[in-house]
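Each residue takes its place number in the sequence, starting with 1.
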Amino acid sequence: MTARIIDGKALAEQVRSQIAQRAAALAARGEQPCLAVLLVGADPASTVYVRNKVTGCEKAGIRSLRFDFPANVAPEVVMAKLAELNADPTVHGILVQLPLPPQFNESEVLEAISVDKDVDGFHAENVGRLSQSREAFIPCTPHGVMKMLESAGVPLVGAEAVVIGRSNIVGKPMAMLLTNAGATVTVCHSKTRDLAFHTRRADILVAAVGKPRLVTGDMIKPGAVVIDVGINRLTDGPDAGKLCGDVDFDSVLPVAGAITPVPGGVGPMTITMLLENTVISAERAARRKGL
Ligand code: NAD
């Protein structure tokens with residue numbers, strides 16, 4: 001058996017064209033969707049992510065505002081900008097690119113973003129709403145994974161799902177979304193005693209670790225759906241310089257029923273969901289204004 005490839009790039013293109021139509025309809029009603037992106041410092045990975053977000057906005061007809069601050073900026077300066085953007089009715093989404101330099105308290109910054117404009121879904125109120133299955137902005141990467149599972153027709157109710165990783169931005173919200181969808185969820189992490197024991201029981205396995213090729217074919221239940229969130233740059237060996245996931249694609253492919261590649265899997269869906277959250281926020285604003 002060879003696993004079916006779940007093509008995140010193709011799905012992202014399809015979803016982005018729907019988002020562009022919704023953005024155009026909003027603009028025609030006088031509510032042009034707008035995302036503000038704040039970057040502190042010049043971390044190379046963060047700079048690339050911010051650039052991709054801004055480009056994604058442009059292509060979807062979403063206005064973007066980008067604010068760059070030096071790495072040594074005083075937190076009050078960033079907080080003042082957030083207050084200004086919160087109060088600006090033409091701005092629908094605000095995100096602060098993480099990680100932040102050490103002078104910042106990350107939670108304080110995230111909670112200074114208005115809950116209604118928190119399109120990354122990292123504000124404690126949105127996290128709490130998600131945990132209660134209430135309407136919330138859902139963090140973009142796990143939301144993108146759910147869209148991929150849905151588009152691939154993967155049954156979730158009653159499925160055994162295993163999530164590797166318990167971060168606030170991927171693992172925890174992923175586990176919550178799968179639980180809300182009716183799966184039986186196990187969360188594994190760096191202190192898990194026997195990772196393979198858990199992964200071998202999974203009908204759906206989501207790897208969000210940051211360790212190249214951690215998950216190998218012998219850890220997979222035959223026919224399982226394997227979602228690889230990891231993005232790792234290989235530093236040595238014949239593939240040095242290339243990107244790879246947390247899943248050892250070559251050994252998992254013959255065992256799994258479906259698998260997402262890296263690149264071209266979860267990555268393209270993440271920014272897509274950010275654009276969708278921005279449009280959702282603008283649609284809410286338009287409704288509030290009676291447009
Ligand atoms: P993180 O470092 O915050 O969390 C990693 C998690 O993995 C932790 O909970 C840790 O306990 C767990 N872990 C570490 N070693 C482990 C091991 N040996 N066995 C089991 N669990 C282990 O990382 P993150 O922000 O959640 O990101 C995870 C990966 O996903 C990274 O590669 C990151 O680049 C990638 N990522 C991709 C996207 C995307 O758009 N595709 C978005 C966000 C993050």
Side-chain angles (χ1 to χ4, degrees), residues 6-39 46-68 81-82 84-97 113-123 126 129-130 134-153 169 173 177 260 263-291:
I6 304 177
D7 184 343
K9 197 160 171 269
L11 179 62
E13 271 166 28
Q14 196 188 316
V15 179
R16 283 189 203 203
S17 84
Q18 292 158 7
I19 293 168
Q21 285 171 23
R22 287 162 69 183
L26 279 161
R29 285 153 67 197
E31 192 74 37
Q32 159 111 65
C34 174
L35 174 69
V37 183
L38 284 70
L39 173 63
S46 293
T47 307
V48 172
Y49 293 144
V50 164
R51 196 174 59 220
N52 290 343
K53 288 170 188 178
V54 168
T55 310
C57 282
E58 276 165 17
K59 288 194 180 147
I62 296 170
R63 188 163 77 101
S64 64
L65 304 171
R66 176 175 166 167
F67 301 95
D68 286 79
K81 178 52 77 181
L82 288 176
E84 185 190 316
L85 293 167
N86 282 340
D88 183 340
T90 68
V91 172
H92 306 100
I94 303 171
L95 81 81
V96 177
Q97 186 64 44
I113 297 171
S114 160
V115 178
D116 300 332
K117 299 187 180 187
D118 171 39
V119 284
D120 258 344
F122 295 158
H123 190 293
N126 276 315
R129 283 171 164 270
L130 173 61
R134 289 162 65 198
E135 187 178 82
F137 282 122
I138 300 170
C140 302
T141 301
H143 195 186
V145 172
M146 294 303 283
K147 287 259 180 184
M148 294 175 89
L149 293 171
E150 189 190 322
S151 84
I169 66 166
L177 286 165
T260 62
V266 176
M269 285 303 289
T270 293
I271 294 184
T272 303
M273 301 325 294
L274 173 70
L275 303 176
E276 186 178 83
N277 278 350
T278 306
V279 166
I280 289 171
S281 180
E283 286 170 344
R284 287 180 189 154
R287 267 198 302 278
R288 278 197 302 272
K289 292 176 194 167
L291 293 173

Notebook entry, point to check: How many angstroms lie between OG in Ser151 and CG in Asp7, if you round to the nearest 0.5 Å?
Noted result: 9.5 Å
Next item on the list: Measure from the side-chain N and O atoms of Ser281 to the backbone N and O of Asp116, and report whether any donor-acceptor pair falls under 3.5 Å.
Entry: yes
Notebook entry, point to check: Ignoring hydrogens and geometry, is there a side-chain-to-backbone donor-acceptor pair from Thr55 to Arg51 under 3.5 Å?
Noted result: yes
Notebook entry, point to check: With no hydrogens and no angle check, is any side-chain donor or acceptor of Asp118 less than 3.5 Å from a backbone partner on Phe122?
Noted result: yes
Next item on the list: Test the Arg284-Phe137 pair against the cation-pi criterion, namely NZ or CZ under 6.0 angstrom from the six-membered ring centroid and within 45° of the ring axis.
Entry: yes
Item checked: Expected output: side-chain Asn126 to main-chain Ala136 donor-acceptor under 3.5 Å -> no
Notebook entry, point to check: Are Val145 and Met269 close enough, and set up right, to give a side-chain contact (heavy atoms from CB on, under 4.5 Å), and what steps lead you there?
Noted result: CA-CA 8 Å; Val145 172; Met269 285 303 289; over 6 Å; no
Check: Do the non-hydrogen side-chain atoms of Lys53 and Leu274 ever get within less than 4.5 Å of each other?
Finding: yes
Item checked: Backbone N/O of Gly265 and side chain of Lys9: donor-acceptor pair under 3.5 Å -> no
Check: How would you list all residue pairs meeting salt bridge (Lys or Arg N to Asp or Glu O under 4.0 Å) that involve residues 18-37, not counting sequence neighbours?
Finding: Arg22-Glu276, Arg22-Glu283, Glu31-Lys289
Margin query: So which atom in Lys147 and which in Leu11 form the shortest heavy-atom distance, rounded to 0.1 Å?
Written below: O-CD2, 3.9 Å
Next item on the list: Let me see the working for Val119 and His92 under side-chain contact (heavy atoms from CB on, under 4.5 Å), right down to the final yes or no.
Entry: CA-CA 8 Å; Val119 284; His92 306 100; over 6 Å; no
Check: Going by heavy atoms in the side chains, are Leu275 and Ile62 under 4.5 Å from each other?
Finding: yes
Notebook entry, point to check: Any donor and acceptor pair, going by atom type alone, linking the side chain of Glu58 with main-chain N or O of Ser64 inside 3.5 Å?
Noted result: no
Checklist line | Reported CD1-to-CD distance for the pair Ile19 and Gln14, which is rounded to 0.5 angstrom | finding: 11.0 Å
Next item on the list: Working to the nearest 0.5 Å, report the span between CD of Glu135 and CG of Leu130.
Entry: 12.0 Å
Notebook entry, point to check: Passes side-chain contact (heavy atoms from CB on, under 4.5 Å), Leu65 versus Val37? Steps please.
Noted result: CA-CA 6 Å; Leu65 304 171; Val37 183; over 6 Å; no
Check: Considering residues at least two apart in sequence or located in another chain, which fulfil the side chain to side chain contact (heavy atoms under 4.5 Å, CB included) criterion with Thr270?
Finding: Cys140, Thr141, Val266
Check: Is there side-chain contact between Met146 and Ile138, with heavy atoms separated by less than 4.5 Å?
Finding: no
Next item on the list: For residues Pro268 and Gly8, report the shortest heavy-atom separation together with the two atoms involved.
Entry: CB-O, 4.0 Å
Item checked: Minimum side-chain heavy-atom gap Val96-Leu82 below 4.5 Å -> yes
Notebook entry, point to check: Would you call Glu13-Arg16 a salt bridge at under 4.0 Å N-O?
Noted result: no
Check: Take atom CD in Gln18; do more than 12 heavy atoms of anything else shown fall under 6.0 Å from it?
Finding: yes
Next item on the list: Determine the minimum heavy-atom distance between Ile94 and Val91, stating which atoms define it.
Entry: CG1-CG1, 3.9 Å
Next item on the list: Would you check if Asp120 and Asn277 make a side-chain contact, meaning some heavy-atom pair closer than 4.5 Å?
Entry: no
Checklist line | Distance (rounded to the nearest 0.5 Å) between Thr278 OG1 and Met273 CE | finding: 10.5 Å
Check: After noting the C-alpha distance and the side-chain angles of Leu85 and Lys117, does the key distance pass the side-chain contact (heavy atoms from CB on, under 4.5 Å) rule?
Finding: CA-CA 9 Å; Leu85 293 167; Lys117 299 187 180 187; 6.0 Å; no
